[in-house]
Amino acid sequence: MMTDRVHNTLSQPLMPGKRHDRIIEKLGPCPGDALSAMAGYGMNDREIARYYGLTRSTVKRLRRILPVRAKWTFD
């Protein structure tokens, strides 16, 4: 279960600021799009985390909060 602090931090628009700088530095200004693209390439959370230099738990948390679809999800 995610803490309120983490949810509040990650659900805010990602604009330059102390809490968001690291995510923006790693994933760019549209992290949801970056994660969606990687998932679209067939990468799992572990591979995405390794590619961006993040922990797997960070990728999982971002995937839950941001509009990121899993590679196996179809319309």
*asked:* Within this structure, what is the CE-OH distance for the pair Met38 and Tyr51, rounded to the nearest 0.5 Å?
replied: 4.0 Å
*Could you state the interatomic distance from CD1 (Ile48) to CG (Leu27), rounded to the nearest 0.5 Å?*
9.5 Å
_Euclidean distance, Glu47 CD relative to Arg56 CZ, rounded to 0.5 Å_ = 11.0 Å
_Partners passing side chain to side chain contact (heavy atoms under 4.5 Å, CB included) against Arg50 (at least two apart in sequence or in another chain)_ = Arg46
*Find the distance between OG1 (Thr58) and CZ (Arg22) and round it off to the nearest 0.5 Å.*
7.0 Å
*If you measure from NZ on Lys60 to CG on Leu35, what distance do you get to the nearest 0.5 Å?*
14.0 Å
_Pairs involving residues 29-45, ordered by first then second residue, that meet salt bridge (Lys or Arg N to Asp or Glu O under 4.0 Å) (sequence neighbours left out)_ = Asp45-Arg63
*Can you tell me how far CG of Leu62 sits from CZ of Arg64, rounded to the nearest 0.5 angstrom?*
9.5 Å
